[in-house]
Amino acid sequence: MSTNQSISLLQEMAIFVKVVETGSFSETARQLGNTPSAISRAISRLEHALGTRLLQRTTRKLRLSESGKQAYIHCLEMVKSAQAVIESSGKFDSEPQGIVRISVPKAVGHYLLHPHIPEFLEYYPKVDIQMLLEDKLIDFIDNEIDLAIRITNEPPLGLKGRKLIKIDHVLVATPEYIEKNSLPQHPQDLKHHQCIFLGEQASDSKWRFQKGNKTISVTVKGRYSANHTGIRLDAALQHMGIASLPYFVAQHYLKTQALIQVLPDWYFKTYYSGDAWLLYPPTRHLAPKIEVFIQFLAKKLAVNTTYLE
């Protein structure tokens with residue numbers, strides 16, 4: 001018997017097992033929501049394919065033939081294997097387990113997500129997290145990621161998501177630097193200071209400010225630039241100049257007064273400011289591992305309940 005033929009007879013084999021278990025075509029038909037004649041035809045098809053009689057029929061009961069006994073053993077194994085597949089799939093679908101791959105901007109991953117990951121891993125021992133720290137946008141399918149955090153005020157079409165937290169940037173410096181070099185009173189004063197900026201592209205040295213309806217752009221300069229938030233923070237703490245930092249990175253040092261905010265009356269506008277959205281491809285059913293991770297991050301980071309449908 002060919003593989004294709006065997007596959008085409010799987011239903012008949014399962015019906016055969018049910019007939020043996022119930023001992024009746026009528027009872028099998030009742031349990032399967034079918035008719036006794038349909039059950040009889042299914043058994044006949046199986047017998048014809050196997051070239052042997054499986055059941056000896058009498059007016060009162062059914063009895064397995066010798067070949068039927070052997071066929072029943074193998075068909076029963078098939079049914080049990082099918083049940084095991086269903087049970088294991090159901091367990092996988094209901095219990096969070098597996099790996100979650102999430103793409104995160106470097107600073108967000110380091111300072112906002114990473115501190116909470118140990119708690120998540122302890123609470124969900126069967127879920128693993130792979131965090132991909134990358135400031136540029138990466139494709140969900142090409143990079144096989146489940147989730148992505150992106151900072152934007154206009155989430156991309158075709159994705160679902162949840163807004164987590166607003167990302168603002170501030171300018172900071174140490175009291176020692178300010179005492180030595182004076183405190184800027186206006187954005188234009190930054191031209192006379194050492195400014196620590198990203199330096200990835202020319203526009204990173206053009207700092208933009210807004211106060212009410214007034215917008216100002218200032219080209220700053222400095223002897224040190226770095227596209228790593230932690231390095232710019234450390235440079236500021238070492239009194240090297242006025243650094244641009246995400247507020248969530250600077251807030252601890254502002255509270256302890258290790259750093260002071262420069263130009264607090266002006267809103268510092270950057271290309272890296274906006275809302276942090278937790279995004280994922282649209283799907284009818286989220287895997288439990290994805291769902292619990294989304295809920296966990298929302299609980300730890302969300303400031304509202306805005307959703308993207």
Side-chain angles (χ1 to χ4, degrees), residues 102-115 132-138 147-157 159 161-173 184 186-190 193 195-222 225-236 241-255 259-279 297-298 300-308:
I102 179 170
S103 170
V104 191
K106 295 175 183 176
V108 174
H110 185 179
Y111 292 97
L112 289 183
L113 263 66
H114 171 67
L132 307 176
L133 299 175
E134 184 62 70
D135 288 332
K136 68 179 182 180
L137 303 184
I138 64 176
L147 299 166
I149 291 182
R150 294 178 180 171
I151 302 172
T152 177
N153 289 320
E154 296 183 4
L157 297 175
L159 294 175
R162 179 167 184 167
K163 183 160 63 176
L164 295 178
I165 190 172
K166 186 173 179 60
I167 304 295
D168 286 323
H169 282 66
V170 293
L171 298 180
V172 297
H186 189 276
Q188 295 292 351
D189 295 340
L190 293 170
H193 284 266
C195 295
I196 308 166
F197 50 91
L198 262 68
E200 288 184 327
Q201 48 193 355
S203 59
D204 289 335
S205 63
K206 294 181 180 180
W207 286 357
R208 296 178 300 156
F209 300 87
Q210 183 175 350
K211 178 190 284 190
N213 296 326
K214 188 175 183 180
T215 300
I216 294 178
S217 178
V218 179
T219 300
V220 299
K221 60 183 180 180
S225 63
N227 66 345
H228 189 283
T229 302
I231 290 178
R232 295 199 308 280
L233 169 63
D234 187 67
I242 298 173
S244 64
L245 295 173
Y247 175 74
F248 62 80
V249 174
Q251 60 181 338
H252 167 74
Y253 302 93
L254 292 172
K255 290 178 181 179
L259 294 173
I260 61 175
Q261 185 174 352
V262 176
L263 300 172
D265 295 333
W266 290 82
Y267 178 66
F268 181 44
K269 302 175 66 175
T270 77
Y271 296 107
Y272 311 99
S273 300
D275 296 315
W277 284 87
L278 179 60
L279 302 172
L297 291 184
K300 296 296 181 181
L301 303 179
V303 294
N304 53 46
T305 55
T306 302
Y307 291 88
L308 178 66

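- Pairing each heavy atom of Ala243 with each of Ala236, the nearest pair is CB-CB, 3.8 Å.
- Relative ring orientation between Phe248 and Tyr111 is described as tilted, the plane-to-plane angle lying within the 30° to 60° band.
- The two residues Ile167 and Ala276 make their nearest non-hydrogen contact at CG1-CB, 4.0 Å.
- Here the CG-CG distance, from Leu171 to Leu259, works out to 11.5 Å after rounding to the nearest 0.5 Å.
- Side-chain contact between Ile242 and Leu190: present, with at least one pair of heavy atoms (C-beta onward) separated by less than 4.5 Å.
- No side-chain heavy atom of Leu233 sits under 4.5 Å from any side-chain heavy atom of Val172.
- Taking the ring centroids of Tyr267 and Phe209, they lie at or beyond the 6.0 Å cut-off.
- Lys221 NZ: 12 or fewer foreign heavy atoms inside a 6.0 Å radius.
- Partners of His252 according to the ring pair (Phe, Tyr, Trp, His ring centres under 6.0 Å) rule, which considers only residues two or more places apart in sequence or in another chain, do not exist here.
- Put simply, OG on Ser244 and CH2 on Trp207 are 5.0 Å apart, with the number rounded to the nearest 0.5 Å.
- Taking the side chain as every heavy atom from C-beta outward, Ile216 and Lys214 approach each other to under 4.5 Å.
- Remark: Tyr272 engages His169, Leu198, Glu200, Gln201, Asp204, Thr270 in a side-chain contact (heavy atoms from CB on, under 4.5 Å) (not counting sequence neighbours).
- With Gln210 contributing its side chain and Gly212 its backbone, the two residues share a donor-acceptor pair below 3.5 Å.
- Among Asp135, Leu113, Thr229, Leu133, the one residue that satisfies the side-chain contact (heavy atoms from CB on, under 4.5 Å) test with Pro105 is Asp135.
- Of all the heavy atoms in Pro184 and Val262, the pair that sits closest is CG-CG1, 3.8 Å.
- Under the 4.5 Å side-chain criterion, counting only non-hydrogen atoms from C-beta, Leu263 is not in contact with Asp265.
- The CD1 atom of Ile196 sits 8.5 Å away from the CG atom of Leu245 when rounded to the nearest 0.5 Å.
- For the atom pair Tyr247 OH and Asp168 CG, the distance stands at 9.5 Å (nearest 0.5 Å).
- Shown here is His186, whose NE2 atom has more than 12 heavy atoms of other residues, nucleotides or ligands within 6.0 Å.
- Here Ile165 contributes atom CD1 and Ile151 contributes atom CD1; the two are 10.0 Å apart, rounded to the nearest 0.5 Å.
- Of all heavy-atom pairs between Phe268 and Ser273, the closest is O-OG, 4.4 Å.
- Using a distance-only test at 3.5 Å, with no hydrogens or angles considered, no donor-acceptor pair links the side chain of Arg162 to the main chain of Ala298.
- Atom CG of Asp275 and atom CG of Leu164 lie 9.5 Å apart (nearest 0.5 Å).
- The shortest distance between side-chain heavy atoms of Leu147 and Leu279 does not fall below 4.5 Å.
- A donor-acceptor distance shorter than 3.5 angstrom exists from the side chain of Arg232 to the backbone of Ala226, with no hydrogens or angles considered.
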